Amino acid sequence: MEEVNVVETKDGTVSVATAFAGHQEAVQDRDHNFLRKAVEEAYKGVDCGHGGPFGAVIVRNDEIVASSHNMVLSYTDPTAHAEVTAIREACKKLKQIELSDCEIYASCEPCPMCFGAIHLSRIKRLVYGAKAEAAIAIGFDDFIADALRGTGFYQKAQLEIKRADGNEAMFAEEVFQKTKEKFQMY
């Protein structure tokens with residue numbers, strides 16, 4: 001059995017890395033029911049021709065708030081992954097951007113973008129079914145698993161990345177200082 005990665009944050013909360021087998025001990029019977037709904041969404045998305053075999057369900061107080069599947073082909077949008085579309089739907093339905101009282105169930109281990117969206121929405125718990133390798137085995141990019149496990153480089157995407165310098169960089173940074181009084185995150 002692999003070692004469980006436990007990280008304690010400054011505020012004393014503890015996070016368990018879900019990419020490790022030890023996390024499976026925390027999965028409860030109720031989780032299987034919601035995970036099954038996420039898998040059903042994955043089938044539904046493929047059957048409709050909306051996108052890849054990925055589904056997600058967001059739950060609050062044991063009730064499904066939102067469920068979605070991959071909509072990449074349907075929306076012609078590479079960011080329309082199941083987790084992201086479910087988060088968008090839940091936020092819209094609940095009229096809030098923070099989902100800290102919600103859990104997300106994903107049919108597959110989330111990619112870095114989806115994991116980022118889960119983190120930014122403050123979802124309190126993630127339960128996923130298949131490992132990223134299941135998606136890789138049918139042709140999805142191995143960048144997903146590499147990025148999640150720290151075994152690859154983000155540069156694999158063949159993307160040139162440059163940061164502006166001089167006045168343009170200062171101009172871009174000023175927006176944060178000039179708007180901090182007008183905009184509050186939470």
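From a predicted model like this one, the values you see are computed outputs, not experimental measurements. Below, each value reflects all heavy atoms present in this structure, side chains not excepted, and no hydrogens, waters or symmetry copies. Numbers for residues simply follow the sequence, beginning at 1.
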- Thinking salt bridges, do D31 and R125 make one under a 4.0 Å N-O criterion?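 Answer for the salt bridge query: yes.
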- Query: So does K124 pair up with D101, basic N to acidic O under 4.0 Å?
  - Reply: no
For the hydrophobic clusters of this structure (ILVMFWY residues joined by side-chain heavy atoms under 4.5 Å, transitively), does one cluster hold both [X] and [Y]?
X	Y	result
F115	I87	yes
I118	L94	yes
V127	V59	yes
F34	V39	no

Looking at every non-hydrogen atom in both residues, tell me the closest pair between [X] and [Y] and how far apart they are.
X	Y	value
V46	G52	CG2-C, 3.8 Å
S68	A86	CB-N, 3.8 Å
G55	A42	N-CB, 3.6 Å
C114	E83	SG-OE1, 3.2 Å

Under 3.5 Å donor-acceptor, [X] side chain and [Y] backbone:
X	Y	answer
E98	S100	no
N70	V72	yes
H50	D47	no

- Item | Check against ring-ring contact (aromatic ring centres under 6.0 Å, His included), F54 and F140 | CA-CA 12 Å; F54 302 96; F140 284 90; 5.0 Å; yes
Is any side-chain heavy atom of [X] closer than 4.5 Å to a side-chain heavy atom of [Y]?
X	Y	answer
T79	R88	yes
V65	K93	yes
I138	P53	yes
I58	I123	yes

Quick check for you: to the nearest 0.5 Å, what is the distance between [X] atom [atom1] and [Y] atom [atom2]?
X	Y	atom1	atom2	value
S121	Q96	OG	CD	10.5 Å
D62	R30	CG	CZ	4.0 Å
M71	H81	CE	NE2	13.0 Å
K44	K37	NZ	NZ	11.0 Å
E40	L35	CD	CG	10.0 Å
Y128	S107	OH	OG	12.0 Å

- Message: Running the 4.5 Å side-chain criterion over Ile, Leu, Val, Met, Phe, Trp and Tyr, what cluster does M113 land in, apart from itself?
- Response: V84
- Report, as yes or no, whether the 6.0 Å neighbourhood of atom CD on E63 holds more than 12 heavy atoms from other residues, nucleotides or ligands.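 Check fails, neighbour count at 12 or below.
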- Query: Under 3.5 Å, is there a donor-acceptor pair linking the side chains of E41 and S67?
  - Reply: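 E41 vs S67: donor-acceptor pair found between side chains.
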